Every structure is written in structure tokens, then in C-alpha cells.
Amino acid sequence: MKDHRPMRMSRYFLPVLKETPREAQIVSHRLMLQAGLIKQASAGIYSWLPMGYKVLRRIEQIVHEEQARAGHLAMLMPTMQSADLWRESGRYDAYGDEMLRVKDRGGRDMLFTPTAEELVTDVFRANVNSYKDLPLTLYQIQWKFRDEVRPRFGVMRGREFLMKDGYNFDLTKEDALHAYNRHLVTYLRTYERMGLQAIPMRADSGPIGGDDTHEFLVLAETGESEVFYDSQITELTFGDREIDFDDRAACQAVMDEFTSRYARTDETHDAALFAQVPEERRRTARGIEVGQIFYFGTKYSEALGATVQTRDGDSVPVHMGSHGIGVSRLLGAIIEASHDDKGIIWPEGVTPFHVGILNMRAGDAGCDAVCEDLYAQFQAAGLDPLYDDRDERAGAKFGTMDMIGLPWRITVGPRGVKNGVVELTCRRTGEAEDMSVSDAVAKIKAIYAGI
RNA sequence: CGGGGCGUAGCGCAGCCUGGUAGCGCAUCUGUUUUGGGAACAGAGGGUCGUAGGUUCGAAUCCUAUCGCCCCGACCA
């Protein structure tokens, strides 16, 4: 988080709303508006205000780090595409009104990217001709647009959304299924680092096409999908295990482990199969989809002529899959899964600031000095504090800090300063403890050392 | 895309039925007093009432059109 610098709230732009915005129906949307993370620009389209943008970048960073770990290569493709490639794949007419179509000044058909199979396949076919260049996985994190009939739930179902979309190119189906497994592993790690439990569930392939596909769902009461699962699945965690992404058996083992229990959405639910799960382990709940992986074989490589030469000199279409993570949607999902009646509770992995420093008496020489000291020490430790130095009432400051949901808060008041202590409070549990400045700094450093 | 609702100050709302030159709370600015869970008092600024037509002596209010946003459903990452 080297791009982050400590910040004084008096100089920050944090338009916290005291009243509930009228349009927000679900808790994550309401809290994102109230905490000053986003501002609606148009139906399903949002501006990301400084603190919301910070969380968005943090989520992107985690996605990038986990993709890099698996050897997947980041790139960036355009938001505006020519219709030509989509005519070549046959999807221009198939896609429907969700695709935003426009004409440029020359009358040429253009579209705002809803997904990039065609673009990435075009990059591939122009540059890769030999089996020796495989396997290859390219991905991007880019804004997409789908002209939803009825956008709602804030960033959970916007029209414009930030998405990680990755594409694997492999010589054989077996190779491509290894890529599929590899993605499952990276996704499990990614979500866990964000403080989420996302369960892979067998899914429908929809307009992308293909047979093998899993969706990743975060359990939340406000989820859009009804889900059915074996309670054993929620006991699985990825943890610190080291995975060699070139080890097919290891990746397959993770796939088997995380998909062997019954876990399906209402789209693919099979009541007869579900009935075989012991009754005490059957669960019905709601979930938010935060990612999906597909293997679709040669659908696009055949249509677009993405072929490679084999060792025998044959020309064969490559086996492909695509893999998505709803980056902007994840903010909503995280908040749905982590909040209380006072506001957001950010997991340490994605929090916009590591710790809040709350000066109870701005202007008091003793309090100011202790706050400045904390601020400097966190900065020196590479941590990113938010210092509430405003001349506000205590209640207003506590209210703001609770609303924006920083996981740790240090309260500095005249009473404590006199006794040489500050108060460290955990946002999630509300537990508070008085301790010296150096102990508070050490404790925060220790908490973030493992994240 | 079917059904419904709403556009009045930065935010949340009243006023509209029964036309008469716009109001409340919060927020903002000034001052004083306050100060460990969203302070009190005094004062101040801020709105061509979504837009365009029409009716009328006069329209936030009535009529027509149009744009935008929201909700339910169908659809979907």
C-alpha cells in the first residue's frame, strides 16, 4: 500500500450523510452512499469518491497479486470495441439489448465492451502460432458496460462495473481444465484475503457458453440468488497453504476438495441430489455472485481462427476458458457480509485506512501532540492512518468513524493523555482497551503484519 | 419491457386536492458559550419548484408533452 499516505480528515473529502438516501434499498447501497464512497451519476453508473476509490484499488491490488502468483499476465484492452469482431464470432446479433451499441462519426458500428473474448482472441491469433507458446493466460481489470433493463442495488447491479476478466489459451482440453482449476485456486485465495467466504457452486453458462462453469457466491441475507448447500462446505478454508500452480494434481485436489459437497444456486439446483445430503447438513440461504469461471473449449478459437501448430505440424484451435471477478460489485458484497447498525465494518484486507486516530479535543496541546506522534509512527511503519483532527463534538467523530468502518480506532482524549494512555477499539467487537502509545502502535503493526 | 411512484435549497421533506409572488429539519457561514457518543443560543447565505408548451389577471399548484430517477415483476455478473 505504498501509494497510500496518511491523511487528516480536515483535509480529506469524505461527504458522510447523516440521513438515509431515499433511493437506497439495500444496506450496502445505503452505507456506500452514507459513508461517502460513491455518488450516483446516472442509473446504475457511479462516481467513486476518494475513499470508495481507495477500497476499489485495494481490491484490484489483491486480484493482481493473486493472479501474478499463478503466472497470469495482466494487460488492458479497450472499453470501446468495433462490431467487426463480434460479427465474426456471431455474437453481435446474439447478445441482445444489454450490449450498448453506438456508431462513430464514420457510421461504423461500435460497442462498449460487455466482455472481451473476441478482443483477447484477436490478440492471441495475431501473435501466437505454435504450441510452444502455450499455455498462456491473459487478463485485465477494466470497466464493462451492460445496459441492464433495471439497474439496482447500487454497485451490486450497476450498468457500468469494474471487472477482472481472464482468458486462458491451451493446447488440449486437459490443459485448459488445469487452467480452470488454477483459477479456482486463485479465486479462493483472492476472496479469503478480502475477508470473504466465497463458495464455488455449479452454475449455468449463460451467453458465454460452455459446459464447465462454477460461480463463487458470498452468503448474505440480501443476496440475489437462492443457494442450496451442504453445511460442510462452509467449514473449508484455504488458509496459508502453499500451492504450486504447475502441479496439476495439487490444483485438482483443491478443486475436488471445494466442489465435492453439494452447493448449487437455484439455476442448477437438483432436489433429488440435495436430498442425499444428510438432513442436518442441508442449508438453504441467499448468496451474492462475486465471480465465475468457465471452460468453453474451442467456441471462440474456431469462430475466430485462433489456431496453433502442434508438434506434428497440424493446425488446431486452442482450448479456452474465461474467468471473471466482479471487482466493483465486491465492495457491495463485502459490506453486505460485514456491517452493523452503525455502519460498515471493513475487513483488514481491504480497509481504506488501517486505523483511525480520533482526537477528542482538537486544539488541546496534549491531545494534539499524542495524535501527531501516533500519526508519524504509523506513517513510519508504512501504515495508512486516518486522523480525525476536526474540531467536532465527540459524538460526531465517533459516528463518522463507525459509519466509515475502519477496523481499528485509537481514541486520544485529555483524560487518557494525563495518564499516559490511549484507547484502542476494535470496530467489529467494540472491545476497547487502554494502553500506551507504543503498545497501541505495536499492536496495530502486528495485526497488519500478516495481511 | 409490463405495472406503480416520485422530481420543490447540498441531503431528507411539507406545500399541490381548494391557483395569489416558497417553507421546515439537517447541513453550510459568523459570533458567543460548550466539549468522552451526532450541543445551545443569536444571526446570515442558499431554490427561474426537472424541462417545454398551454389555461389564467396570476401557476410549485390545473392541462398536455417530454426528460430523469425509484419501486414491484420479467431479466441478469
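In the text below, chain A, chain B and the rest are named by the order of the sequence lines, each starting its count at 1. Bear in mind the structure is a predicted one, so any value in this text is a computation, not a measurement.
- Using Watson-Crick or G-U wobble geometry with both donor-acceptor distances under 3.5 Å, B:U66 finds its partner in B:G50.
- Rounded to whole angstrom, the span from the CZ atom of A:R393 across to the P atom of B:G37 amounts to 9 Å.
- Between A:H269 and A:F274, a ring centre-to-centre spacing shorter than 6.0 Å is recorded.
- Side chain of A:T268 to backbone of A:R202: a donor-acceptor contact under 3.5 angstrom is found.
- For residues 59-80 of chain A, the set of pairs meeting the ring-ring contact (aromatic ring centres under 6.0 Å, His included) definition, not counting sequence neighbours, comprises A:H64-A:Y139, A:H72-A:H183.
- Of the nucleotides present, B:U30 is the one that pairs with B:A42 by Watson-Crick or G-U wobble criteria, both distances under 3.5 Å.
- Annotation: A:Y262 is not in aromatic contact with A:Y229 [ring centroid separation under 6.0 Å not met].
- Contact between the side-chain N/O atoms of A:K18 and the OP1/OP2 oxygens of B:G12 is not found at any separation under 4.0 Å.
- Among the heavy atoms of the strands lying under 4.0 Å from A:E148 is at least one base atom, whether or not backbone atoms are also near.
- Residue contacts for A:D402: at a heavy-atom cut-off of 4.0 Å it reaches a base atom on one of the strands shown.
- Across all strands, A:A396 comes closer than 4.0 Å to base atoms (heavy-atom distances).
- When the nucleotides B:U35, B:C76, B:G12 are ranked by their closest atom to the side chain of A:R361, B:U35 comes out on top.
- The closest donor-acceptor contact from the side chain of A:E226 to the backbone of A:T265 lies at 3.5 Å or more, if one exists at all.
- For the pair A:F13 CZ and B:U28 C1', the computed distance is 14 Å after rounding to whole Å.
- What separates CG of A:L17 from P of B:C26 is a distance of 16 Å, to the nearest Å.
- Close to B:G36, at under 4.0 Å from its OP1 or OP2, lies no side-chain N or O of A:T411.
- Summarising the geometry, the separation between CD1 on A:I45 and P on B:C70 is reported as 10 Å, rounded to the nearest angstrom.
- As the counterpart of B:G2, B:C72 is assigned, both hydrogen-bonding distances of the Watson-Crick or G-U wobble pattern falling under 3.5 Å.
- Using C1' as the reference atom, B:G68 and B:U8 are 15 Å apart when rounded to the nearest Å.
- At whole-Å resolution of the value, CD1 in A:I26 and P in B:C72 are 10 Å apart.
- Residue contacts for A:R152: at a heavy-atom cut-off of 4.0 Å it reaches a base atom on one of the strands shown.
- Along RNA chain B, the nucleotide closest to A:V290 and the one closest to A:R409 are compared, and the more 5′ of them pairs with A:R409.
- In this pair, A:H319 and A:Y295 present their aromatic rings parallel. The plane angle is below 30°, not in the 30 to 60° band.
- In this view, A:R157 and A:E148 satisfy the salt bridge (charged side-chain N to carboxylate O under 4.0 Å, His left out) rule, not counting sequence neighbours.
- Within the 4.0 angstrom heavy-atom criterion, no nucleotide atom of any strand lies near A:G44.
- Using P as the reference atom, B:C26 and B:A39 are 11 Å apart when rounded to the nearest Å.
- The pair A:D388-A:R390 meets the salt-bridge criterion, with a side-chain N (NZ, NE, NH1 or NH2) lying under 4.0 Å from an Asp/Glu carboxylate O.
- Considering only side-chain N and O atoms, A:Q25 lies nowhere under 4.0 angstrom from the phosphate OP1 or OP2 of B:C72.
- A:R150 has no side-chain polar atom (N or O) that falls below the 4.0 Å cut-off from OP1 or OP2 of B:C76.
- Looking at heavy-atom distances under 4.0 Å, A:T400 makes contact with a base.
- Distance CZ (A:F153) to C1' (B:C76): 11 Å, rounded to an integer number of Å.
- The base of B:C76 is not paired with the side chain of A:R159 by any donor and acceptor separated by under 3.5 Å.
- Aromatic rings from A:F153 and A:H29 are positioned such that their centres are separated by 6.0 Å or more.
- Remark: B:G37 base-pairs with no nucleotide in the shown strands. Criterion, Watson-Crick or G-U wobble with two distances under 3.5 Å.
- A:G324 comes within contact range of no nucleotide atom at all, as no heavy-atom separation falls under 4.0 Å.
- The partner of B:G20, taking Watson-Crick or G-U wobble pairs whose two distances both stay under 3.5 Å, is B:C57.
- Taking every heavy atom of residues 418-428 of chain A and every atom of RNA chain B, pairs under 4.0 Å involve A:E423, by number.
- If you measure from atom CG of A:D364 to atom P of B:U34, you get 15 Å, rounded to the nearest angstrom.
- B:U51 and B:G7 are spaced 11 Å apart, taking the C1' atom of each and rounding to whole Å.
- Under 3.5 Å, the side chain of A:E19 and the base of B:G25 form at least one donor-acceptor pair of N or O atoms.
- Rounded to whole angstrom, the span from the NZ atom of A:K397 across to the P atom of B:G36 amounts to 12 Å.
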